[in-house]
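Take a look at the structure set out below.
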Amino acid sequence: MNLENAYSGRIAIVDLDAGSCEEEELNDDLVQDYLGGAGINLALFNRYASRNPLILGTGPLTASFAPASSLGVVTAKSPLTGSIVHVPLMWLCAVEFKLTGFDFLVVLGESEKPVQIWAHDELIDVVDASKQWGKNVWEAVDLFREEHGDENVQAITIGKAGERGSKLAQFSESYWGSSDRFALGAVMGQKNLKGIVMRGMGSFEVAGGFFEKCMELKNEIMKEFNGKSGVAPLLSSLGMDGFAKAIKPMIHFNRAGFNSPYAANSFMMYNEDPKILAETGVTEPGCLITDILGLVAFKGLGADAVKMIEKIQKLGLEPTGTSLIMGKKSLDEALGEVEKLAEEGRDLTSLGLPNFYGVSPSPISSPEANLIQAVGIFSPAVPQMPLISSWGDFGVGDSPVEKAEWWIERQAISYITGICPLFSLISPKITSEEVAELLSLSLGMELSSFDLERLAKKVISETIEAGKKEVIYGFHA
Amino acid sequence: MNLKIDSTKCTGCRICEFACNYHSGDDFTTYSGSLMLHRAEKKDYYGMMWKRKSDIYLARPEGAEIMEPGAKMEGAAGSKPITMRPPCDLCEGMEELYCVLACPTGCLTREEK
């Protein structure tokens with residue numbers, strides 16, 4: 001196996017109880033058994049289950065020429081649902097992490113004081129984060145970048161909600177929130193871990209023919225989009241043309257996660273003219289919408305929904321649960337209350353929503369969406385349906401069970417291999433066969449779509465099984 | 001052939017930086033590429049820096065600017081590393097520019113001289 005085309009071959013083990021960092025080799029056997037991403041994360045989780053592990057992992061295609069190779073996965077036990085869950089990173093963190101020289105990071109125990117984990121140049125350090133603690137997500141990201149002297153530093157960080165251990169907490173990927181619907185932000189808070197901060201300057205070898213194969217696939221994929229870009233076509237796919245029309249005048253530019261042929265994020269400008277091209281002195285002209293269903297959760301506010309998202313991103317709150325608690329409030333009322341919500345920390349019992357996740361918070365209501373959420377191991381921030389494309393384009397029939405099984409398996413393959421799971425719902429051209437071919441070429445081993453599908457099933461069932469194990473939680477005061 | 005940059009079409013996906021490096025270094029990294037994305041993320045201000053043989057071409061969304069060697073670049077955080085990089089050879093010996101091959105949006109296109 002040509003591991004060097006896919007991995008640096010290092011797993012970092014950070015013990016926050018002891019304040020120590022160790023390194024172990026990523027061996028061929030682990031890759032043979034689980035390939036990567038959510039698969040290897042799960043194996044590492046099981047190995048350290050009694051230490052409340054939080055795992056950050058990458059796939060063999062993450063940070064490669066493969067289209068939409070932006071995926072990272074954070075795996076932990078959800079304090080919200082009690083299940084072992086996998087949350088995708090789809091912006092720039094996973095690529096930055098993988099280029100630090102580590103493929104996986106295992107975070108064990110709890111620190112006594114606020115810390116950050118700083119990954120760079122084949123090194124991992126546990127560093128004081130008292131300067132960042134107490135700051136909102138945007139301020140913390142700025143401080144991390146300032147401290148490490150580089151605007152290209154990426155950070156998985158938490159806001160007030162995570163610091164207080166709220167079950168509404170979400171970790172954030174840079175400034176813009178994430179797909180964390182499982183309160184893994186609270187797990188970071190519980191560990192006194194303000195951020196996992198990274199800057200990658202490393203490199204990988206590239207197998208012969210891999211670049212050409214990836215370009216060919218990318219060109220095929222581009223034919224599907226007909227110039228479509230950003231969140232508006234995604235909203236239209238969800239049947240929300242009116243809402244798409246309401247927010248469209250605020251779009252500055254559409255932005256893509258790493259190497260994504262489709263720019264699935266849109267920057268909304270409301271503190272400055274969205275038509276402006278030059279850089280001005282306005283430091284916070286708006287926010288980037290990266291979570292389409294999070295935005296939809298606030299569609300009752302109309303175009304003002306984007307201002308609510310900015311506030312939520314800063315506080316490190318999860319939008320769909322927050323919107324349920326907010327109910328039908330005006331923007332001004334909601335902005336005031338959401339601050340209180342983050343301050344209240346973990347005690348949500350008084351709000352009568354101790355476990356809203358089981359109540360199906362996804363703004364998409366369908367039998368298959370409910371089935372998917374009942375399984376509850378992959379983030380429901382990724383819509384439970386094809387986007388831009390149709391079920392038929394993916395060859396999926398009308399049965400809700402078939403749809404749910406397809407969605408879960410397709411997500412699993414993305415989470416294991418390194419392909420953005422949102423993009424895998426946009427492009428039917430990213431087939432299991434294509435992904436298997438790319439992997440075979442890169443790793444120099446025979447891998448079929450059948451192998452991938454079998455592995456996906458194994459990771460799904462073992463993740464569900466792992467959730468039944470006891471993990472000791474102890475929120476610090 | 002020459003390279004044409006329209007940074008209003010850039011989505012910030014970064015793959016051009018890696019494709020450029022792949023031409024010069026055969027590996028997947030960014031440190032020896034001649035293209036570098038400039039990203040002021042919170043302001044959504046993205047531009048492209050392109051190191052040429054005798055200067056650095058700054059493709060800003062509002063228009064291009066050429067920086068002579070040693071000149072100070074205003075509003076271009078992260079610009080320093082590109083001065084250390086090798087200049088673009090327009091993929092000498094190749095039929096196509098690698099960055100153009102990789103760009104999914106038409107931000108980078110080939111221009112016949």
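Just so we're on the same page: letters track the sequence lines, and every chain starts at 1.
For C16(B), no part sits under 4.5 Å from any heavy atom of chain A, backbone or side chain. Only the side chain of D142(A) comes within contact range of chain B, judged by heavy atoms closer than 4.5 Å. For chain B, the nearby part of L92(A) is the side chain; its heavy atoms alone come within less than 4.5 Å. Residue T8(B) touches chain A through both its backbone and its side chain, counting heavy-atom pairs closer than 4.5 Å. Contact of D26(B) with chain A is made through the backbone alone, with heavy-atom distances under 4.5 Å. With a 4.5 Å cut-off on non-hydrogen atoms, N254(A) touches chain B through its backbone but not through its side chain. Residue S70(A) does not touch chain B at all, counting heavy-atom pairs closer than 4.5 Å. In this structure, no portion of A68(A) lies under 4.5 Å from any heavy atom of chain B. Interface remark: A40(B) contributes side-chain atoms only to the contact with chain A (heavy atom separation under 4.5 Å).
The greatest number of non-hydrogen atom pairs below 4.5 Å with chain B, out of G286(A), A63(A), P261(A), is found for A63(A). Contact count versus chain B (heavy atoms, under 4.5 Å) is highest, among G202(A), P67(A), C287(A), for G202(A). Comparing M269(A), R145(A), E272(A), E205(A) by how many heavy-atom pairs each has under 4.5 Å with chain B, the most go to R145(A). Ranked by heavy-atom pairs under 4.5 Å with chain A, the first of G12(B), G106(B), A19(B) is A19(B). When G257(A), G227(A), A256(A) are compared by the number of non-hydrogen pairs under 4.5 Å with chain B, A256(A) comes out ahead.
Contact check for V141(A) versus K42(B): no side-chain heavy atoms found under the 4.5 Å cut-off. V282(A) has its side chain out of reach of K43(B): every pair of non-hydrogen atoms, C-beta onward, lies at least 4.5 Å apart.
Around the NZ atom of K311(A), the shell of radius 6.0 Å holds more than 12 heavy atoms that belong to other residues, nucleotides or ligands. Atom NZ of K9(B) has 12 or fewer heavy atoms from other residues, nucleotides or ligands within 6.0 Å. Within a 6.0 Å sphere centred on NZ of K248(A), other residues, nucleotides and ligands contribute 12 heavy atoms or fewer.
The minimum heavy-atom distance between M215(A) and L101(B), with the atom names listed, is SD-O, 3.6 Å. S260(A) and C13(B) get closest at one heavy-atom pair: N-CB, 4.0 Å. Across every non-hydrogen atom of T11(B) and A263(A), the tightest pair is CG2-CB, 3.7 Å. The minimum heavy-atom distance between S203(A) and T29(B), with the atom names listed, is CB-CB, 3.4 Å. The heavy-atom pair separating P61(B) from L277(A) by the smallest distance is O-CD1, 3.6 Å.
Ring-plane geometry between F204(A) and F28(B) is classed as tilted, the angle between the planes lying from 30 to 60 degrees on a 0 to 90 degree scale.
Atom CG of residue D44(B) and atom CD of residue E284(A) lie 13.5 Å apart, to the nearest 0.5 angstrom.
Here the two rings, on Y46(B) and F253(A), have centers that are 6.0 Å apart or farther. Taking the six-membered ring wherever Trp is involved, the centroid distance between the rings of F18(B) and F65(A) does not fall below 6.0 Å.
The existence of a salt bridge linking R255(A) and E41(B) is excluded, since no basic side-chain nitrogen approaches an acidic carboxylate oxygen closer than 4.0 Å.
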